[in-house]
Amino acid sequence: MLTLNLIREQKDFVVERLKIKNFDAASLVDKILELDAIRRDTQKNYDAILADINRISKEIGELIRSGKKAEADAAKTKTTSLKEESRRLAERLDEIDKELRSELIKLPNLPHESVSPGHGAENNVKVREGGVIKELEETALPHWELIKKYDIIDFELGTKLTGAGFPVYKGKGAKLERALINFFLDEGEKAGYKEVLPPIVVNEDSAFATGQLPDKEGQMYLIGSDNYYLIPTAEVPVTNIFRDVILDAADLPIKTMAYTPCFRREAGSWGAHVRGLNRLHQFDKVEIVQIAHPDHSYEALEEMVSHVEGLVKKLGLPYRIMKLCGGDMSFTSALTYDFEVWSGAQKRWLEVSSVSNFESFQANRLKCRFREKGGKQNRLVHTLNGSALALPRIVAALLENNQTPSGIIVPEVLAKYTGFNIID
RNA sequence: GGAGAAAUGGCAGAGUGGUCUAAUGCGGCGGUCUUGAAAACCGUUGUCCCGAGUAAUCGGGACCGGGGGUUCGAAUCCCUCUUUCUCCGCCA
């Protein structure tokens, strides 16, 4: 959520910037400013009436204390009409507030000045790439064949237990999954991230604060009996740790990471590109989150990008880093880098991580601020997050790229976690 | 699931209808003293909204777990929800 101050002071700038995201904000911004003016006016009147009531009440107290009962009773009748008016204004203020807020949350975050315009993935900008793409043998199999051949991930069994998109990891498949999680967490710890193991169901307040509600409601599984949501990403519980919190500038940046299963309904997605591990309803992910000082959040972003880059390098996967164009960025992001790894048998790039700076957009909803030493006013922090990493597509790429006639070679860095170096 | 108790500022903790403008202590910040530090002493202290001002600041309003109510007036009384603690039950 953008701050009202920004919209008030730099209306034209807001409208101009949002064009990069192909969002025409002009009429929405006007409506917001109009509602804002009404709200302030209403509040001014309301506060004045409350001040009157407070003053008269104080006088009544003094009159009663000095035994002037008749005068006190007279004063009481004066407040009757004021009370009626205050009640009316309180209702009006509440209404306006809600309306203003519901409009305000329709505005996407402003893209960073370096974000280029564009409509979709085809306009994203390649930042750099690494690793070596090897040509696989003619007989190379896509991962959905490999997992059957070695019996390590079972979709049919998952369908029996739950439904499509909920695979069962078996034997070396389960162990590989566990190894990757531990590898990612250990690397994160080395990079200074504090591990947390949060709940994987959250309440409405949390889902709202990170922006999953209201616009992505249909993407989350809802536990209706308690009105809880299964998390689509650890970003939700981890970032919400900092909801309604005032931090000390000296404590920034705060680096947190979490492994969690993630749940996505992904309604309406089918086709060859979502086969096998490419898109699941439940998957594992290690997420890194930083709460940063606004003056240093882009340094934090670069640091996160190089952390993620280190992971894919160590796994020996060919990768490229894409800077998203305005049209391909999420509603809440100011700047996003996507990591893609090469899938040898599918012969295409798979997105395995998305690292973003949300600047103060999430912090404003979260009400996460910080106090600067000697500073008069609290400021909103900047929040950032990134996958480090999402497992299924990493597994898919590892299986496909590392296949040999005798089995699938496990990357060296993982061997100490798996206890084996080949899946056969 | 049953019975009882509680929720107050960064923390501890007083406050049962009207100077609560929330006592006091601890902590934090600033200062005096000191070569420096500690101790002692003095001062200061939260968040949000509205208005005035270039600004320092000033004025008004809201906030004592959340929501609602009674009253001219609520931290204080009533209703409701949530959470925590104690005891009992159940349980990996």
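Numbers restart at 1 for each chain; the letters A, B, ... are given by sequence-line order, proteins then strands.
Taking the C1' atom of each, rU32(B) and rA37(B) are spaced 15 Å apart, rounded to whole Å. With P as the reference atom, rG9(B) and rC64(B) are 10 Å apart, rounded to whole Å. rG2(B) and rU80(B) are spaced 15 Å apart, taking the P atom of each and rounding to whole Å. Nucleotides rA52(B) and rG13(B) have their P atoms positioned 44 Å apart, rounded to a whole Å. Using atom P as the reference point in both rG15(B) and rG65(B), the two lie 15 Å apart (nearest Å). Comparing the same atom, P, in rA14(B) and in rU8(B) gives a spacing of 11 Å after rounding to whole Å. Comparing the P positions of rU57(B) and rU45(B) gives a spacing of 12 Å, expressed to the nearest Å. Distance noted for atom P between rC88(B) and rG18(B): 41 Å (whole Å).
Between the side chains of Y193(A) and Q290(A), at least one donor N or O lies within less than 3.5 Å of an accepting N or O.
Summarising the base pairing, rA38(B) is matched to no nucleotide, lacking a Watson-Crick or G-U wobble pair whose two defining distances lie under 3.5 Å. Taking a pair to require two hydrogen-bonding distances under 3.5 Å in either a Watson-Crick or a G-U wobble arrangement, rU70(B) remains unpaired. For rC58(B), the paired nucleotide is rG51(B), the pair qualifying as Watson-Crick or G-U wobble because both relevant distances are below 3.5 Å. Under the Watson-Crick and G-U wobble criteria, each requiring two contacts below 3.5 Å, nucleotide rG65(B) is paired to rC81(B). Base pairing of rU86(B): its partner is rA3(B), meeting the Watson-Crick or G-U wobble criterion (both donor-acceptor distances under 3.5 Å). When both pairing distances are held under 3.5 Å, rC29(B) makes a Watson-Crick or G-U pair with rG43(B). Figure legend. rA75(B) is base-paired to no nucleotide; pairs are counted as Watson-Crick or G-U wobble with both atom distances under 3.5 Å. Remark: rA14(B) base-pairs with no nucleotide in the shown strands. Criterion, Watson-Crick or G-U wobble with two distances under 3.5 Å.
Heavy atoms of N378(A) sit under 4.0 angstrom from primed sugar atoms or phosphate atoms, though from no base atom.
With a 6.0 Å cutoff to the six-membered ring centre and a 45° limit on the axis angle, K175(A) does not count as a cation-pi contact of F420(A).
Looking at residues two or more places apart in sequence or on another chain, you find a side chain to side chain contact (heavy atoms under 4.5 Å, CB included) between N378(A) and I246(A), R369(A), R371(A).
What separates CG of L366(A) from P of rU47(B) is a distance of 19 Å, to the nearest Å. For E62(A) and rU21(B), the CD to P distance is 12 Å, given to the nearest whole Å. For K78(A) and rG73(B), the NZ to C1' distance is 15 Å, given to the nearest whole Å. rG9(B) atom P lies 14 Å from atom CD1 of I246(A), rounded to whole Å.
For the pair L414(A)/L398(A), a side-chain contact is recorded, criterion being any heavy-atom separation below 4.5 Å from C-beta on. Using a 4.5 Å heavy-atom threshold, the side chains of H143(A) and V395(A) count as separate.
In terms of phosphate contacts, R371(A) brings a side-chain nitrogen or oxygen within less than 4.0 Å of OP1 or OP2 of rU47(B).
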Problem set entry | Verdict with reasoning, Q282(A) to L230(A), per side chain to side chain contact (heavy atoms under 4.5 Å, CB included) | CA-CA 10 Å; Q282(A) 177 181 336; L230(A) 289 182; over 6 Å; no

For this session: Check the pair Q219(A), Q212(A) against side-chain hydrogen bond (donor to acceptor under 3.5 Å, both in side chains), reporting the backbone distance first and the verdict last.
Result: CA-CA 8 Å; Q219(A) 299 252 37; Q212(A) 276 68 31; over 6 Å; no

For this session: List the protein contact pattern of nucleotides 50-72 of chain B with one symbol per nucleotide (5' to 3'): B for base contact, S for sugar-phosphate-only contact, - for none; contact means a heavy-atom distance under 4.0 Å.
Result: SS-----S--BSS---------B

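Nearest approach of L389(A) to V352(A), heavy atoms of both residues: CD2-O, 3.9 Å.
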